[in-house]
Colleague: 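Once you've had a glance at the structure underneath, I'll fire off some questions.
Only a predicted model underlies this, so the values are computations on that prediction, with no experimental measurement involved.
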Amino acid sequence: VYAGMAASGRPYWWYLMPAYPALALLGGAGADDLLGWAVGERGLAVAGRVALAAGAALLLMLPARVFRPLERPCIFGGLAEAARDAAGGGVVAMLSPEYEYSVHVILAEHCACRVAFFATLDEAVRAGAASALVSASRTPPAGWRVVARHGAWSALAPSDRLGAAAPAAPPR
């Protein structure tokens, strides 16, 4: 699956995802045969009940957030919310020289708003972006201010928030 999808261009990690269900079914069939050989028919029935009980227990523990210590922190921290609030329902621009699908999905899900990728702030302003996430090392251009920072990212918003559209980025 991966080789077929990656043959046309650059391979991405999510190209493996369509293979997971098939691999899980193959693994389950193999484990069933191996377990049946190792413990017999009676042991196989007991193992099935144990697996069902363990799965049910894991599902019941999810609302209690038992596994919260294992969760990694969000790569955007509070930036997604800051960018969404600064956009006021408008488009949040993600300025990146290279499109990263996984980052786009994570950002859109965290912002709960429309997110678009742009290479420059000029492109984002022309497309109507109301706020932007940029590399923290960039200095905000004239007419824009930093509203939040987290790690390698900064959320920018227009300096004038009185209903005016985002200002054009200065020429380079």
Side-chain angles (χ1 to χ4, degrees), residues 1-118 124 129-137 146-157:
V1 171
Y2 182 77
M5 292 180 81
S8 65
R10 180 176 168 205
Y12 294 98
W13 65 267
W14 61 85
Y15 285 175
L16 286 173
M17 295 184 84
Y20 289 157
L23 291 173
L25 290 171
L26 284 172
D32 182 49
D33 290 343
L34 184 62
L35 196 57
W37 172 78
V39 295
E41 202 61 39
R42 186 175 171 96
L44 193 57
V46 171
R49 283 190 223 106
V50 168
L52 184 62
L58 286 172
L59 284 175
L60 291 173
M61 284 191 278
L62 287 176
R65 311 270 319 199
V66 173
F67 302 105
R68 187 167 179 83
L70 301 177
E71 293 177 12
R72 289 186 356 194
C74 175
I75 61 171
F76 295 114
L79 286 183
E81 292 83 11
R84 179 195 61 224
D85 295 345
V91 175
V92 174
M94 178 86 179
L95 300 186
S96 178
E98 185 175 309
Y99 180 77
E100 281 288 337
Y101 177 77
S102 59
V103 172
H104 188 171
V105 170
I106 292 169
L107 181 60
E109 187 247 334
H110 281 50
C111 281
C113 63
R114 196 166 139 231
V115 175
F117 265 77
F118 299 97
S131 69
L133 286 181
V134 300
S135 169
S137 62
V146 174
V147 293
R149 290 186 196 272
H150 181 77
W153 297 97
S154 292
L156 301 181

Colleague: State the CG-CH2 distance between L44 and W37, to the nearest 0.5 angstrom.
Modeller: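 Those atoms lie 14.0 Å apart.
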Colleague: Pairs in or reaching into residues 46-63: which pass side chain to side chain donor-acceptor pair (under 3.5 Å), with residues at least two apart or in two chains?
Modeller: none
Colleague: Nearest 0.5 Å, please: how far is CG in L79 from CZ in R84?
Modeller: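 Answer rounded to 0.5 Å: 12.0 Å.
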Colleague: Run the side-chain donor-acceptor check on residues 58-66: report pairs under 3.5 Å with partners two or more places apart or on a different chain.
Modeller:
| from | atom 1 | to | atom 2 | distance (Å) |
| --- | --- | --- | --- | --- |
| R65 | NH2 | E71 | OE1 | 3.3 |
| R65 | NH2 | E71 | OE2 | 3.2 |

Colleague: Who pairs with A80 by side chain to side chain contact (heavy atoms under 4.5 Å, CB included), at least two apart in sequence or on another chain?
Modeller: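 Result, side chain to side chain contact (heavy atoms under 4.5 Å, CB included) vs A80: L107, H110, C111.
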Colleague: I would like to know whether V147 and L156 meet side-chain contact (heavy atoms from CB on, under 4.5 Å); could you show each step before the answer?
Modeller: CA-CA 6 Å; V147 293; L156 301 181; over 6 Å; no
Colleague: Any chance you could measure L133, atom CG, to H150, atom NE2, to the nearest 0.5 Å?
Modeller: 11.5 Å
Colleague: Check A82 against A148 and note the closest heavy-atom contact, atom names and distance.
Modeller: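 Shortest heavy-atom contact: CB-CB, 3.7 Å.
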Colleague: Search all heavy atoms of A87 against all heavy atoms of A130 and return the closest pair with its distance.
Modeller: O-CB, 3.4 Å
